[in-house]
Amino acid sequence: MALPSTSQSWPPTQLTGILPSMGVWSAWYSGDTDQLSSVYGGATGSDPSATGFFASDHGGFRATVGRALTRWFWGEASRGPDRRVKLHVPIAAELCQASADLLFSDTITITSENKDAQDRLDALCDDHFHAELVSAAEVCAALGGVYLRVAWDQSTRDEPFLTHVDADQAIPEFSWGKMTAVTFWQVVARDGKRVYRHLERHETLADGTGVILHGLYEGEEDKLGHPIPLTEQPATAPLATLVDAFGMISSESDRLCVVYVPNQTPNRRWRTHQLGRNLGRSDLDGVEQLMDALDETMTSWMRDVRLGKARIMVAKALLNNVGPGQGSAFNAEQEAYASMNMLGGGDMKLSDQIEQVQFNIRVAEHQDTASHLTMNILQMAGYSAETFGIYEGGGPTKTATEVEAKQQRSLLTRDRKWRLWRPALQDVLAKLLSVDRALFHNNTAPDGVDIDCAIAEGVQESMLTLSQTIQALRAADAASDEVIVGMLHPDWDEEQIQEEIKLIREQKAASALPDPMFMGGTDIPPVSQGGGGLGKQNEKLHAELKQKPQHGIGG
């Protein structure tokens, strides 16, 4: 299937029901209050196309297909002087960042039994590679999935590299749960009502070779429009010299240049959707109302703070005339006042002339509500409170065992996600090596070499705890040098472990004390009187030692 040749509605109909949800998650992830108001219908004069779909306008209530109207705090219109009083708590962004940190806070270990493949993987998987993984993992948690793409630019780099594409800019195609093709799109320019989109399609030829097709389209906001030459826009003009007559670039290697990584499975929201069932589940799916309630709670709390500011109300008689046409003013620093004769009797007390107004700030009530909502959000998203620095029962725990017990929920979610990331990384690394060999001739590793990926343990013991464990194992003769060094350095490979063991043994041999029997002492151990060859050898050795001059420590 090639790129579209005629105009069609955009986004495509197969994404109906998917992009609106991703638009909501994107708004929560971005933390932009204008986007949140737009997706829930509370914005006035905003452009709903910025979020990818048109939100409803029901005065704070929003309906989904087959469901009744639901009240949303961010759906309430903000007008007049109170337009900017709503407060947003960026807990959605914190959830997504924690997901990426749990997976890739430490660099992953990539190994291959083929030496040439290992050397190239070490060179290709540098800090830029791991930084790209962290970024991709964060967006993956927000939108439910991400696309890892092998890219190359022979004019600037002499090797391929890894990039990622967000899930709300792609039209994937699946067969039995396996992605067979995908089309990425990006708006590269706008000119009035005209919208210019760049389409990038990844597919395979009949022989399995992965190819990339590029096209530029001139259309409208909801129409793709017709194809035009790539040279019409500066963003796509460089591609015109790289594609062939069919707008195609070949990777000259098997398989797609893209893999899809779902965040979590199964997808509860799109379980019966023909396309959506193959997509991942966002960490924000199902906690939108709780996050909305948390923002409403914090906004109410800050409203109490504003209303709790001390104010005074003074009688008009206490105001000083500041001149014709300039009105009256009250001097808050004035210390003495003359008694005032009021209608109806004698002097009125000054306390009756000045009244203080100060409302209570309901700190405890708001704090308890916010804490309860936060704990529910974290739990439903699959994380432990301790992952976010929220400790119960006397502060943070110390030992790795206690930390693991406290963060068990987060570690289970991490392992669940890694089981989806690991095969995807193996596929994209294999493609990275294939492109590196086919287009750059940088390696001779055969196609299909085994590649393994591993991440560090989520909770690691302190050096003190490890040393105590190693000392106990040494004393009990319960572990070999290989096991002990591997415990101390779990990220080392077999070659590094053997080198460390060799150094340890050499240092032990250099610092070892000489045998007392050969140190020249005057006391010679008694000779065994038992029979047999061993006893005779000991007698002979004993006699030779007595005849030799004594040297060494003894003098």
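Just so we're clear, the structure is a prediction, and the values are computed from it rather than from any experiment. In this chain, numbering begins with 1 at the start of the sequence shown. The figures that follow rest on heavy atoms only: side chains count, while hydrogens, waters and symmetry mates do not.
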Exercise. Nearest 0.5 Å please: distance from the CD1 atom of Ile171 over to the CD1 atom of Ile18.
Key: 10.5 Å

Self-check item: Close side-chain approach of Arg194 to Asp191, heavy-atom, < 4.5 Å
Solution: yes

Quiz item: How far apart are the closest heavy atoms of Arg197 and Asp222, and which atoms are they?
Solution: NH2-N, 4.5 Å

Exercise. Spell out, as yes or no, whether a donor-acceptor pair under 3.5 Å connects the side chain of Thr204 to the backbone of Leu256.
Key: no

Quiz item: Within the distance-only criterion (no hydrogens, no angle test), does the side chain of Asp207 pair as donor or acceptor with the backbone N or O of Thr209 below 3.5 angstrom?
Solution: yes

Quiz item: Are the side chain of Thr236 and the backbone N or O of Glu232 linked by a donor-acceptor pair below 3.5 Å?
Solution: no

Quiz prompt | Shortest non-hydrogen separation from Ala385 to Leu378 and the atoms involved | solution = CA-CD1, 4.0 Å

Quiz item: Can you tell me if Lys223 uses its side chain to pair, donor with acceptor, with the backbone of Glu218 under 3.5 Å?
Solution: no

Exercise. Check the pair Ile455 / Trp418 against side-chain contact (heavy atoms from CB on, under 4.5 Å), numbers first and verdict last.
Key: CA-CA 9 Å; Ile455 53 177; Trp418 176 243; 3.6 Å; yes

Quiz prompt | ring-ring contact (aromatic ring centres under 6.0 Å, His included) partners of His214, counting only residues at least two apart | solution = His198

Self-check item: Minimum heavy-atom distance Gly280-Asn267, with the two atoms named
Solution: O-ND2, 2.8 Å

Self-check item: Beyond-backbone contact of Ile451 with Thr111, side-chain heavy atoms, under 4.5 angstrom
Solution: no

Exercise. Could you tell me whether a side-chain N or O of Thr387 sits under 3.5 Å from a main-chain N or O of Ser410, the two making a donor and an acceptor?
Key: no

Self-check item: Nearest non-hydrogen partners of Val435 and Ser253, listed with the distance
Solution: CG2-OG, 3.9 Å

Quiz item: Between Tyr40 and Trp72, how do the two ring planes meet: parallel, tilted or perpendicular, split at 30° and 60°?
Solution: parallel

Quiz item: Between the side chain of Arg416 and the main-chain N/O of Thr265, is any donor-acceptor distance below 3.5 Å?
Solution: yes

Quiz item: What residue pairs, at least two apart or across chains, pass side chain to side chain donor-acceptor pair (under 3.5 Å) with a residue in residues 5-20?
Solution: none

Exercise. Could you please spell out the steps behind the side-chain hydrogen bond (donor to acceptor under 3.5 Å, both in side chains) verdict for Glu296 and Trp74?
Key: CA-CA 8 Å; Glu296 185 172 8; Trp74 284 106; over 6 Å; no

Self-check item: Chi angles and distances behind the salt bridge (charged side-chain N to carboxylate O under 4.0 Å, His left out) call for Asp427, Lys178
Solution: CA-CA 12 Å; Asp427 290 343; Lys178 180 73 173 179; 3.8 Å; yes

Quiz item: Just by distance, do the side chain of Ser37 and the backbone of Asp34 share a donor-acceptor pair under 3.5 Å?
Solution: no

Practice problem: Check the pair Gln118, Asp122 against side-chain hydrogen bond (donor to acceptor under 3.5 Å, both in side chains), reporting the backbone distance first and the verdict last. | Solution: CA-CA 6 Å; Gln118 183 65 60; Asp122 292 340; 2.9 Å; yes

Quiz item: With a 6.0 Å cut-off on ring centres, are Phe440 and Trp152 close enough?
Solution: no

Quiz item: Can you tell me if NE2 on His226 sees more than 12 non-hydrogen neighbours from other groups inside 6.0 Å?
Solution: yes

Exercise. Indicate whether any N or O donor in one side chain lies under 3.5 Å from an N or O acceptor in the other, for His366 and Thr297.
Key: no

Exercise. First locate atom CG of Asp452, then atom CG of Leu121, and finally report the distance between them rounded to the nearest 0.5 Å.
Key: 11.5 Å

Quiz prompt | Under-4.0 Å salt bridge between Glu221 and Arg190 | solution = yes

Self-check item: Identified side-chain hydrogen bond (donor to acceptor under 3.5 Å, both in side chains) partner of Ser99 from the options Lys417, Glu138, Glu94, Gln264
Solution: Lys417

Quiz item: Are Lys431 and Glu252 close enough for a salt bridge, meaning some N to O gap below 4.0 Å?
Solution: no

Self-check item: Heavy atoms from other residues, nucleotides or ligands near CG of Asp244 exceed 12 (cutoff 6.0 Å)
Solution: yes

Exercise. Keeping the roles fixed (side chain from Lys193, backbone from Gly219), state whether a donor-acceptor pair exists under 3.5 Å.
Key: no

Practice problem: Answer yes when Arg362 and Asp368 have at least one side-chain N-carboxylate O distance shorter than 4.0 Å, and no when they do not. | Solution: no

Practice problem: Identify the two heavy atoms, one from Ala117 and one from Val449, that lie closest to each other, and give their separation to 0.1 Å. | Solution: CB-CG2, 4.0 Å

Quiz prompt | Inter-residue atom distance Leu290.CG - Ile377.CD1, 0.5 Å rounding | solution = 5.5 Å

Exercise. Applying side-chain contact (heavy atoms from CB on, under 4.5 Å), run through Trp185 and Glu200 and close with a yes or a no.
Key: CA-CA 6 Å; Trp185 85 85; Glu200 175 185 330; over 6 Å; no

Exercise. Verify whether one side chain among Ser434 and Arg255 offers a donor that lies under 3.5 Å from an acceptor in the other.
Key: yes

Practice problem: Let me see the working for His164 and Glu132 under side-chain contact (heavy atoms from CB on, under 4.5 Å), right down to the final yes or no. | Solution: CA-CA 7 Å; His164 76 275; Glu132 191 71 19; 2.6 Å; yes

Practice problem: Using only heavy-atom distances, determine whether the side chains of Ser112 and Asn114 contain a donor-acceptor pair under 3.5 Å. | Solution: no

Practice problem: Over all heavy atoms of both residues, which pair between Pro160 and Asp436 is shortest? Give the atoms and the distance, please. | Solution: CD-OD1, 3.4 Å

Self-check item: Worked verdict on Arg269 versus Ser21 for side-chain hydrogen bond (donor to acceptor under 3.5 Å, both in side chains)
Solution: CA-CA 10 Å; Arg269 182 177 296 233; Ser21 295; 3.3 Å; yes

Exercise. Can you measure from CG (Leu294) to CG (Asp292) and round to the nearest 0.5 angstrom?
Key: 9.5 Å

Quiz item: Do Thr183 and Arg201 meet the criterion of a side-chain donor-acceptor pair at a distance under 3.5 Å?
Solution: yes

Self-check item: Working for side-chain contact (heavy atoms from CB on, under 4.5 Å), residues Leu124 and Phe129
Solution: CA-CA 7 Å; Leu124 294 172; Phe129 175 86; over 6 Å; no

Self-check item: Interatomic distance, Asp116 atom CG to Thr444 atom OG1 [nearest 0.5 angstrom]
Solution: 3.5 Å

Quiz prompt | Gap separating the CD1 atom of Ile361 from the CE atom of Met302, nearest 0.5 angstrom | solution = 8.5 Å

Quiz item: For Met22, does its backbone N or O pair with a side-chain atom of Ser26 as donor and acceptor, under 3.5 Å?
Solution: no

Quiz item: Any donor-acceptor pair under 3.5 Å linking the side chain of Arg437 with the backbone of Ala445?
Solution: yes

Quiz item: With sequence neighbours excluded, what pairs up with Tyr147 under the ring-ring contact (aromatic ring centres under 6.0 Å, His included) test?
Solution: Phe184, Tyr260

Quiz prompt | Polar side chain donor-acceptor pair, Asp283 to Asn263, under 3.5 angstrom | solution = yes

